[in-house]
Amino acid sequence: MGSLRSSGSSTAGEKALVESVDADAACALLSTGQYGYVDVRMWEDFDKGHVAGARNVPYYLSVTPHSRPEKNDRFVDQVAALHGKDDRLIVGCRSGVRSRLAAADLVDAGFTNVKNLEGGYLSLLKSANPHPTAYHQ
């Protein structure tokens, strides 16, 4: 099974503590059928390939080369419309950075079983053991 690591801090003004799981651990958790996968990439990236059964809720609405990303202000509400606060969730993006921020926002909003996919969707594609999770491309 893969490693589990925590990242972040929950002091005032900072993001909550979020547990991260590597690709192998994420695959093992997803294979149990007890975890949902929230993909926080933008729609066009999600459409190019994603984990089977993933729910797409973009954390950023747009990213341009010369400006700051436009955060989806309704992100937490959109996830809450799909999942209960006690649901077990793995949050992933392309490389793991955006999903760590998104997972922290969910934890801050009261979601209790959230894990960040360390390395994001790319780590799943590179995993030597991508067993029971099917990928759509």
Side-chain angles (χ1 to χ4, degrees):
M1 185 106 117
S3 67
L4 301 178
R5 292 194 312 157
S6 294
S7 60
S9 171
S10 58
T11 61
E14 294 185 16
K15 294 287 183 190
L17 187 65
V18 175
E19 183 178 2
S20 288
V21 294
D22 66 16
D24 290 335
C27 287
L29 292 171
L30 290 168
S31 73
T32 68
Q34 296 179 10
Y35 278 80
Y37 188 92
V38 177
D39 191 316
V40 299
R41 296 175 296 161
M42 288 185 284
W43 299 287
E44 54 271 13
D45 296 324
F46 180 81
D47 288 343
K48 292 177 185 174
H50 58 270
V51 172
R55 296 298 225 357
N56 183 220
V57 182
Y59 188 69
Y60 293 126
L61 298 176
S62 67
V63 178
T64 59
H66 302 293
S67 66
R68 296 171 110 180
E70 178 188 355
K71 185 177 174 190
N72 178 0
D73 291 332
R74 298 188 58 235
F75 172 74
V76 171
D77 293 334
Q78 290 170 342
V79 173
L82 299 170
H83 297 283
K85 290 193 174 186
D86 292 328
D87 287 358
R88 294 176 177 144
L89 301 174
I90 295 175
V91 180
C93 63
R94 180 179 179 273
S95 64
V97 175
R98 188 176 4 175
S99 59
R100 185 171 25 89
L101 297 171
D105 281 0
L106 292 173
V107 170
D108 284 341
F111 283 79
T112 58
N113 295 304
V114 177
K115 298 181 187 318
N116 173 56
L117 173 58
E118 186 176 300
Y121 183 66
L122 293 176
S123 71
L124 288 176
L125 294 176
K126 293 177 185 175
S127 174
N129 191 16
H131 57 83
T133 306
Y135 306 99
H136 295 282
Q137 292 194 39

* **Minimal non-hydrogen separation, H83 against F111, with atom names** => O-CE2, 3.9 Å

* Give the intermediate values and the outcome of side chain to side chain contact (heavy atoms under 4.5 Å, CB included) for residues D45 and R94. => CA-CA 8 Å; D45 296 324; R94 180 179 179 273; over 6 Å; no

* **D39 side chain to N56 backbone, donor-acceptor under 3.5 Å** => no

* Looking only at atom types and distance, does a side-chain atom of S127 sit under 3.5 Å from a main-chain N or O of L124, one as donor and one as acceptor? -> no

* Donor-acceptor pair, S123 side chain versus E118 backbone, under 3.5 Å? -> yes

* **Donor-acceptor under 3.5 Å (H50 side chain, F46 main chain)** => yes

* **Where L29 and T32 come nearest, the two heavy atoms and their spacing** => O-OG1, 2.6 Å

* Asked: Does the ring of Y121 carry R41 above it, NZ/CZ under 6.0 angstrom from centre and within 45° of its axis?
  -> yes

* Asked: Is there a donor-acceptor pair closer than 3.5 Å between any side-chain N or O of Y37 and the backbone N or O of G53?
  -> no

* K85 side chain to A109 main-chain N or O, any donor-acceptor pair under 3.5 Å? -> yes

* **side chain to side chain contact (heavy atoms under 4.5 Å, CB included) partner of V107, the single match among T112, V114, N116, V91** => V114

* How many angstroms lie between atom NZ of K71 and atom CZ of R98, to the nearest 0.5 angstrom? -> 13.0 Å

* Asked: What is the minimum heavy-atom distance between C93 and V40, and which atoms define it?
  -> CB-CG2, 3.6 Å

* Backbone of E44 reached by a side-chain donor or acceptor of D47 within 3.5 Å -> no

* Structure fact -> Output for pair (L89 CG, L82 CG), nearest 0.5 Å, gives 9.5 Å

* Asked: Are L122 and I90 co-members of a hydrophobic cluster defined by side-chain heavy atoms under 4.5 Å apart?
  -> no

* Can you see which heavy atom on D86 is nearest to which on N113, and at what distance? => O-ND2, 2.8 Å

* **Single-linkage hydrophobic cluster, 4.5 Å side-chain cutoff, V97 and L125 together** => no

* Atom CZ of R100 and atom OG of S95: how far apart are they, to the nearest 0.5 Å? -> 9.0 Å

* Evaluate the criterion side chain to side chain donor-acceptor pair (under 3.5 Å) for residue pair Y59 and D105; output intermediate values, then yes/no. => CA-CA 10 Å; Y59 188 69; D105 281 0; 2.8 Å; yes

